[in-house]
Each structure stands twice: as C-alpha cells, then as structure tokens.
A.B. asks: 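Dumping the structure here so I can ask a few things about it.
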Amino acid sequence: MSSQNKTNIPNSLNEHWMPFSDNRSFKKNPRLIVEAKGVYITNHEGKKMIDGSSGLFCNPLGHGRREITEAVTKQLDKLDYCQPFNQGFGGSFELATRIAKKTPGDLNKIFYTICGSTAVETAIKIAVAYHKAKGHGHRFRFIGRERGYHGMNIGAMTVGGMVNNVKAFASILMPGVQHMRHTHLPEHKFVKGQPETGVEMAEDLERLATNFGGENIAACIVEPIAGSTGTLVPPKGYLKRLREICDKHGILLIFDEVITGWGRTGSAFGAIEYGVTPDIMTMAKATTNGVIPMGVVAVKDEIYDTVTEAASGPEGSPELFHGYTYSGIPAAVAAALAVQDIFDKEDIFKKVKEMSPYFQDGLHSLKDLDSVIGIRGYGMMGGIDIKMKDKPGKAGFQTFKHCYDAGVNFKSTGDTLIIAPQFICEKKHIDEIIEKLRTGISNYAKS
Ligand SMILES: Cc1ncc(COP(=O)(O)O)c(C=O)c1O
C-alpha cells in the first residue's frame with residue numbers, strides 16, 4: 001500500500017456505528033472507498049473496481065458528474081438554506097414542475113422529503129389524511145407485501161416484508177398492517193423479464209379486503225419491482241390487477257419507486273413501463289444521482305385538492321401536519337435539477353431501454369455456473385441467487401467478498417446478489433461486470 005493510500009485509513013474505526021453492517025467483521029477487514037469517477041470506484045488499497053450496483057441504486061448517471069457538482073456549488077454560494085415551512089425558494093417549485101411533467105397521469109403534486117423512508121412515511125400519512133378529509137377515517141389499514149422493502153422508519157418498516165427487519169422491532173410495529181404474499185414462484189428461477197405466471201398472486205389483496213373489509217383499508221403499497229430482496233419482477237398483469245382491486249374498494253395504490261424510479265426499467269417510472277398509474281408514488285436515490293439526500297412523493301391532484309380544501313385552521317396553519325426541516329433544501333434541489341437536465345440532454349431512459357437486453361443476456365449467461373440457482377431481471381436491474389453451502393443467508397455476502405476481490409462492487413442480501421449497472425455503462429462495462437461476476441462467483445464456489 002502506498003503512503004498516500006495509507007493516509008486514507010482513519011486512526012480509529014471504533015466510534016462509527018455503521019448502518020446495516022456487520023461492524024465487528026468490517027472493522028477487522030475494512031473496505032473503505034476513497035474515490036469514485038464514472039463507472040469506477042477505488043478503495044483504500046488503491047484497488048479500482050467497477051460499480052455493479054450504481055452505489056445502492058443511487059448514482060446511475062456515473063460518479064463525479066461535474067454538472068451536478070457545479071450546480072450544487074453555485075446554489076450554495078447564492079442561497080444555502082431557507083426554511084421550507086410557509087416559506088420557500090424558486091428552485092423547489094421549478095423542480096416540482098419538471099418532476100410532474102415526467103410522472104404519469106395526474107400525479108402532479110410534489111412533496112419533498114429527506115430520503116426513501118421518509119417518502120414512504122409521507123405517502124402513508126397522506127393516504128390517512130386523504131381518507132380523513134373525505135370523512136372516511138375508518139380506513140386505517142395498510143397492505144404491504146412479503147419481501148417488500150420500503151425503508152426503516154416505523155411505518156415504512158411495518159409495511160415492508162423483509163423478515164429480519166420486522167422481527168428485530170416486532171414490539172413497535174404500526175398497527176393494522178397486513179401483507180400479501182410475494183410474487184416469486186418456484187417456476188420463476190431463470191426468467192428474463194416479466195414472468196408469464198403468477199398474476200393470481202394479486203388476488204391476495206381481494207382476500208384481505210374480504211377478511212378485513214375493503215372499506216377499512218387506506219392503501220396498498222408495493223414496489224413495481226421488489227429491489228432490495230433481489231429484483232422480483234411483477235408477473236404479467238399483476239400490477240394491473242392490483243389497480244382493479246384497489247379501484248373496486250376505494251383503496252389507494254402506492255408505488256414505491258425509490259429504486260425503479262428515474263429510468264431503471266427503461267421508462268421514467270415502473271408505472272409507465274407497466275402501464276399502471278398509482279395514486280401516490282415515492283422516489284429518492286437517483287433523484288439527485290445520490291449526491292445529496294432527497295425523497296419525493298408525487299400525489300394525484302385530487303388527493304392534494306381534497307386534503308387542502310378540507311383544512312379549516314386559521315391562516316398560516318398547515319393543511320397537512322407533516323414536513324421535514326430538510327424538505328427540498330436548495331442544495332438537494334440544485335442537484336435534482338442538474339439531474340433532470342442530464343436525463344433530458346442525454347436521453348437517458350432511451351439509453352437504458354437500448355442497453356437492457358444486452359445486460360439481461362449477460363446476466364443470464366451466468367446460468368451455467370453450478371452455484372447459480374436463479375437469475376432474474378428487468379431493465380438495468382437483476383438478481384442472482386447463490387446456492388448456500390451450510391446455512392441460509394451467508395452465500396450472498398461470501399460471494400460479494402470474492403467479487404469485490406475480483407474487481408466488481410455491488411450489494412448482496414441473504415443468498416442473493418443485486419446487480420444494477422449505471423445507465424452510462426457501455427457494452428464493454430457490462431462485459432466487465434459480467435466477467436468479474438463470473439470470476440467472483442467461481443472463486444466462491446471453490447472456497
Ligand atoms: C423501494 C425502497 N423504498 C424505500 C427505501 C428506503 O430508502 P432510504 O434508505 O433512502 O430511506 C429503499 C432503500 O433501499 C427502497 O429500496
């Protein structure tokens with residue numbers, strides 16, 4: 001290790017309690033990233049790796065985009081903060097207009113939050129506020145889905161369906177939440193794109209409406225593609241059927257597009273790609289290319305109108321008693337506006353659509369490896385299931401470590417690898433990701 005790189009290791013790793021991490025193992029063998037440019041990241045040992053998951057789905061436009069850095073710097077020089085309650089600045093309104101142009105249907109009202117979790121929490125509260133404003137306060141139940149991930153605050157965690165997250169905090173979950181079964185069926189092991197079978201899994205919503213009374217359910221929340229459990233692609237017709245059942249019972253449909261939003265599927269949103277418009281939609285991550293935290297909730301005009309018109313407080317009193325100190329702060333807005341410019345200038349969603357088949361073919365070329373027991377994907381996201389050796393939940397991380405050594409970085413969950421290349425990837429970058437995955441997975445199998 002050069003002395004330059006050594007200086008990038010802090011004196012002590014003890015004090016930082018890392019999120020969603022095995023702190024003890026990491027601190028014995030740290031993986032510190034010191035630089036990121038384009039599709040590559042470099043660790044503290046000077047090792048350059050290709051970014052196979054767009055840094056937790058955050059940086060699809062590539063690392064170190066000068067346009068974004070410059071826009072943020074310029075904004076900070078001019079106006080670094082202004083309070084977002086009963087006050088504002090022009091940028092957040094301009095951004096809302098630009099986002100509303102890209103959202104489907106009449107999802108035209110934009111509420112800013114801090115991240116994906118707070119976007120989901122906001123969506124839950126808006127659903128409650130909407131029903132209350134309509135005089136339907138009895139609608140308090142929420143329906144999520146097994147293997148869904150919506151973040152880690154209490155509401156978002158409760159509607160999520162990742163077992164370990166929920167088990168850890170079982171004593172403080174939000175009341176009135178039920179889950180549909182997930183859609184990953186045994187016959188979906190090596191399916192490219194949307195599975196042909198499984199539409200009937202949507203009937204779980206009808207069943208829950210029957211069991212609990214559809215008139216008591218406020219909203220149903222799903223990710224169009226479940227991302228954090230390893231890219232579970234919706235069966236053909238599934239999302240449309242959820243929409244029909246929601247309409248029948250007056251249930252709001254929420255799409256959590258924190259991962260699928262902003263191009264991951266080849267359209268701006270999963271909702272557009274699959275032709276199903278929800279009532280509320282959440283986004284985060286790629287909204288600012290990951291450089292400054294920001295979450296967004298897009299809401300149908302009718303929901304906004306109902307909530308704001310029902311408010312009866314004195315002037316200056318909020319119509320919705322909800323918001324964050326960092327809702328749409330200038331630096332985040334500047335980054336998001338620069339991202340919008342790049343989307344438009346570089347026709348990014350079209351680029352994703354064109355590159356997706358090449359990526360999906362590459363992913364499925366790994367099928368011949370003995371330890372690969374499932375591959376699936378859509379657009380520029382994919383999941384690879386790895387055969388476990390002794391007990392469940394270890395194979396993903398063990399394989400990740402071998403792949404990291406082979407020169408490709410990504411996230412694993414349980415026994416699954418989550419692969420999500422950046423949208424700026426050329427074919428040679430996809431080839432590099434696939435080749436290094438092959439090396440890493442093979443080395444895991446030999447270990
Ligand atoms: C679909 C989805 N919703 C919500 C979240 C939570 O986002 P955050 O970690 O920014 O709070 C995530 C995070 O991965 C996600 O994938």
Side-chain angles (χ1 to χ4, degrees), residues 18-21 53-60 111-127 142 144-162 164-166 169 174 177 179-180 182-183 219-234 239 253-265 269-271 273-274 278 280-298 324 326-329 332 335-336 339 378-383 396 410-414 416-420:
M18 298 167 70
F20 265 130
S21 300
S53 58
S54 307
L56 278 189
F57 299 95
C58 287
N59 333 106
F111 194 105
Y112 298 111
T113 73
I114 315 162
C115 59
S117 303
T118 48
V120 171
E121 203 80 355
T122 300
I124 289 172
K125 286 191 176 175
I126 288 176
F142 282 82
R145 188 172 59 187
E146 291 170 358
R147 296 190 70 173
Y149 182 73
H150 300 293
M152 283 313 286
N153 46 23
I154 291 176
M157 176 182 62
T158 311
V159 292
M162 290 184 76
N164 285 334
N165 298 345
V166 175
F169 301 104
M174 184 171 95
V177 176
H179 292 82
M180 303 178 286
H182 65 76
T183 60
C220 167
I221 178 167
V222 292
E223 304 157 84
I225 298 173
S228 294
T229 41
T231 312
L232 309 183
V233 182
L239 295 173
L253 181 61
I254 304 172
F255 277 179
D256 182 352
E257 300 238 20
V258 164
I259 285 177
T260 49
W262 300 127
R264 193 48 69 187
T265 62
F269 296 98
E273 181 70 11
Y274 298 127
I280 303 177
M281 199 160 81
T282 56
M283 14 181 152
K285 296 189 188 269
T287 307
T288 60
N289 203 38
V291 302
I292 303 199
M294 174 176 242
V296 175
V297 187
Y324 302 100
Y326 295 100
S327 282
I329 54 166
V339 164
Y378 195 100
M380 289 287 260
M381 62 194 283
F410 54 82
K411 168 157 178 9
S412 65
T413 178
T416 301
L417 320 181
I418 300 173
I419 312 300

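Ligands are counted one by one from 1 in listed order, and the atoms in each one are counted from 1 as well. Residues: numbered from 1 along the sequence shown.
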A.B. asks: Going by the closest heavy atom to atom 12 (C) of ligand 1, which one wins out of Tyr149, Phe255, Phe57?
C.D. replies: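 Selected option, by shortest heavy-atom distance: Tyr149.
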A.B. asks: For ligand 1, which atoms have a heavy atom of Gly151 less than 4.0 angstrom away?
C.D. replies: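 Result: 4 (C), 5 (C), 6 (C).
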A.B. asks: Of the side chain and backbone of Met152, name the one, both, or neither that has a heavy atom under 4.0 Å from an atom of ligand 1.
C.D. replies: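 It is neither; nothing of Met152 touches ligand 1.
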A.B. asks: Quick check on contacts: which atoms of ligand 1 are under 4.0 angstrom from a heavy atom of Ser228?
C.D. replies: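 Once the distances to Ser228 are compared, the set is 14 (O), 16 (O).
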A.B. asks: Between the side chains of Glu257 and Thr260, does any donor sit under 3.5 Å from an acceptor?
C.D. replies: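 A pair is found: one side chain offers a donor N or O, the other an acceptor, under 3.5 Å apart.
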A.B. asks: Out of curiosity, Thr265 OG1 to Ile259 CD1, how far, rounded to the nearest 0.5 Å?
C.D. replies: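 Interatomic distance, Thr265 OG1 to Ile259 CD1, rounded to 0.5 Å: 12.5 Å.
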A.B. asks: At what distance is the nearest protein heavy atom to atom 14 (O) of ligand 1, and which residue and atom is it?
C.D. replies: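 The answer is Lys285 NZ, 3.0 Å.
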A.B. asks: Hey, looking at atom 9 (O) of ligand 1, which of Ala226, Pro293, Ser117, Pro19 has the closest heavy atom?
C.D. replies: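 Nearest option to atom 9 (O) of ligand 1, by heavy atoms: Ser117.
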A.B. asks: Parallel, tilted or perpendicular for Tyr149 and Phe20, by the 30°/60° rule?
C.D. replies: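 Geometry flag for Phe20 against Tyr149: perpendicular rings.
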A.B. asks: Less than 4.5 Å apart, any side-chain heavy atom of Thr413 and any of Met162?
C.D. replies: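 Sidechains of Met162 and Thr413: in contact.
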A.B. asks: With only distance considered, is Thr118 within less than 3.5 Å of ligand 1 through an N or O on each side?
C.D. replies: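 No, there is no polar N/O contact under 3.5 Å.
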A.B. asks: Only heavy atoms of Asp256, strictly under 4.0 Å: list the atoms of ligand 1 that pass.
C.D. replies: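 Near Asp256, meaning under 4.0 Å from one of its heavy atoms, ligand 1 has 1 (C), 2 (C), 3 (N), 4 (C).
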A.B. asks: Would you say ligand 1 has an N or O under 3.5 Å from any N or O of Glu223?
C.D. replies: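 In this structure, Glu223 places no N or O atom under 3.5 Å from an N or O of ligand 1.
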A.B. asks: Do Val296 and Phe111 come close enough that some side-chain heavy atom pair is under 4.5 Å?
C.D. replies: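 No - every pair of side-chain heavy atoms lies 4.5 Å or more apart.
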A.B. asks: Mind checking whether Val297 and Ile280 have side chains closer than 4.5 Å, heavy atoms only?
C.D. replies: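 Touching, per the 4.5 Å side-chain cut-off.
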A.B. asks: Can you list the atoms of ligand 1 that are under 4.0 Å from a heavy atom of Ile259?
C.D. replies: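 Taking each heavy atom of Ile259 in turn, ligand 1 has 16 (O) under 4.0 Å.
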A.B. asks: Please report the closest heavy-atom contact between Ser53 and Phe410, naming both atoms and the distance.
C.D. replies: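 Scanning both residues, the minimum pair turns out to be OG-CA, 3.3 Å.
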A.B. asks: Using heavy-atom distances only, which candidate in Ala156, Gly116, Gly160 approaches atom 10 (O) of ligand 1 most closely?
C.D. replies: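 Minimum heavy-atom distance to atom 10 (O) of ligand 1 goes to Gly116.
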A.B. asks: Below 6.0 angstrom between ring centroids: does that apply to Tyr274 and Tyr378?
C.D. replies: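 Between Tyr274 and Tyr378, the centre distance is under 6.0 Å.
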